[in-house]
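What follows is a set of notes on a single structure, which appears directly below.
Here, residue 1 is the first one in the sequence, and each next residue gets the next number. For ligands, and for the atoms within them, numbers begin at 1 and follow the listed sequence.
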Amino acid sequence: MSSEIGHHFNEKWKGKDEVKVLPLVRGLIFSIASTLFFDVNDGHQQKQLHHLLETILVGSLSVPLDFPGTRYRKGLQARLKLDEILSSLIKRRRSDLRSGIASDDQDLLSVLLTFRDEKGNSLTDQGILDNFSAMFHASYDTTVAPMALIFKLLYSNPEYHEKVFQEQLEIIGNKKEGEEISWKDLKSMKYTWQAVQESLRMYPPVFGIFRKAITDIHYDGYTIPKGWRVLCSPYTTHLREEYFPEPEKFRPSRFEDEGRHVTPYTYVPFGGGLRTCPGWEFSKIEILLFVHHFVKNFSSYIPVDPNEKVLSDPLPPLPANGFSIKLFPRS
Ligand code: HEM
């Protein structure tokens, strides 16, 4: 993943005086997913798949009116096209696995194709397509949001900005030419991770999660009857003064000492309990590596509009104009 991100910076950021962060981050997250999920590295095919995914996402958040020209109809058509392309990838990979050209752990596609449940049953092609669709939905916009916001928020807190840059520079300084980032390095990025956690507190990418009451629940004078669905939203606790004083301020130090001072279940950007997001560590690595490669390439940056609004329309919260920044390369 690190080399993929390093390559992305070489191709899309280096040599530029100014960039718009949001579209670049979208391209990066999609290219990581298509490489690690089904080993599609070809730029042209990635672009086509990326466009289809974006159309599906827009369609899934639109009013479900199945008429020609509506976003919903375009989303449905894009899903059919995406399934068609993925089906041909599945067919080819099945044959490559049989002939030994592909291995059973090379990417998510191979893992799904060779998966067997406790009774020895495998997934159907439709099951694999549905898994891909779920993974794309769950992993794309969610990770794009903190990556598009982190440098905007860091800019508002010079003390933490400095800490994050110093932390990354120390890691970079200890590396030999061409040496890659290790697990130990990722674990040592404590200020960077605190800053990411704080951005996920202020702007949780997932607005809410549902839970079903499996028994009557009595809470604070109210009864939630068995069978009702309850919507829990991170915004209800993330922005409460009693849990996070001055909640409108970007203050990553709230997560010092590995978040020990945070009241349990008040900080839930990845949900909680049995259904906690299974991709949270994956996204943690993506975001930490993104910050790492940024600092490796640039000594500083200036937002074109430091007061650019963050909009959640549609979700997730993103910088309103894509967050343009002026870049200063590291010599
Ligand atoms: C910053 C990035 C991410 C955020 C904020 C996020 C947030 C969430 C949240 C709130 C849930 C619901 C959890 C619950 O019901 O308690 C969830 C579920 C899920 N996430 Fe993520 N997610 C992120 C990245 C990812 C990534 C990168 C992947 C995959 C590689 C992923 C895969 C999933 C899946 C498959 C589920 C459904 C789990 C289930 O229903 O059991 N997520 N995520």
Classify the angle between the aromatic ring planes of [X] and [Y] as parallel (below 30°), tilted (30 to 60°) or perpendicular (above 60°).
X    : Y    : result
H50  : Y140 : perpendicular
F151 : F165 : perpendicular
F290 : F294 : tilted

Open item on the list: Any nitrogen or oxygen of G272, side chain or backbone, less than 3.5 Å from one on ligand 1?
Closed with: yes
Open item on the list: With nothing but distance in play, are any N or O atoms of R211 less than 3.5 Å from an N or O of ligand 1?
Closed with: yes
Task: Non-hydrogen atom of A134 closer than 4.0 Å to ligand 1 - done: no
- [ ] Determine whether any heavy atom of F282 lies closer than 4.0 Å to an atom of ligand 1.
- [x] yes
Where ligand 1 meets [X] - atom numbers and elements under 4.0 angstrom, heavy-atom basis:
X    : answer
M135 : 29 (C), 30 (C)
I209 : 10 (C), 12 (C), 14 (C), 15 (O), 16 (O)
G271 : 10 (C), 13 (C), 14 (C), 16 (O)
P278 : 19 (C), 20 (N), 33 (C), 34 (C), 35 (C), 36 (C), 38 (C)
V206 : 7 (C), 8 (C), 10 (C)
P205 : 5 (C)

Closest approach of any protein heavy atom to [atom], naming residue and atom:
atom                    : result
atom 26 (C) of ligand 1 : S139 CB, 3.5 Å
atom 8 (C) of ligand 1  : C277 CB, 3.6 Å
atom 33 (C) of ligand 1 : A138 CB, 3.4 Å
atom 6 (C) of ligand 1  : F270 CD2, 3.7 Å

Open item on the list: My understanding is that we take every heavy atom of each candidate and find the minimum distance to atom 24 (C) of ligand 1. Doing that for T142, L108, V144, which one comes out nearest?
Closed with: T142
Open item on the list: Heavy atom to atom 39 (C) of ligand 1, shortest distance: which of K284, H137, R275, M147 holds it?
Closed with: R275
TODO: Check D39, I128, T114 against L109 for a side-chain contact (heavy atoms from CB on, under 4.5 Å) and give me the one that passes.
DONE: I128
Task: Sole residue of L86, I90, L108 in side-chain contact (heavy atoms from CB on, under 4.5 Å) with F38 - done: L86
Task: Worked verdict on Y301 versus H161 for ring-ring contact (aromatic ring centres under 6.0 Å, His included) - done: CA-CA 11 Å; Y301 62 98; H161 180 277; 5.5 Å; yes
Task: Q46 side-chain N/O to G43 backbone N/O, donor-acceptor pair under 3.5 Å - done: no
Open item on the list: Grouping I, L, V, M, F, W and Y whenever their side-chain heavy atoms are under 4.5 Å apart, do L36 and V111 come out in a common cluster?
Closed with: no
TODO: Assess whether side-chain hydrogen bond (donor to acceptor under 3.5 Å, both in side chains) is satisfied between H8 and W13, documenting all intermediate values.
DONE: CA-CA 8 Å; H8 166 85; W13 299 63; 2.8 Å; yes
- [ ] Specify the closest pair of heavy atoms between P247 and M202, including all atoms of both residues, with the distance to one decimal.
- [x] O-CG, 4.2 Å
Open item on the list: Applying a heavy-atom cut-off of 4.0 Å, say which part of P269 lies close to ligand 1: side chain, backbone, both or neither.
Closed with: backbone
Open item on the list: Side chains of P146 and P205, heavy atoms from C-beta outward: is any pair under 4.5 Å?
Closed with: yes
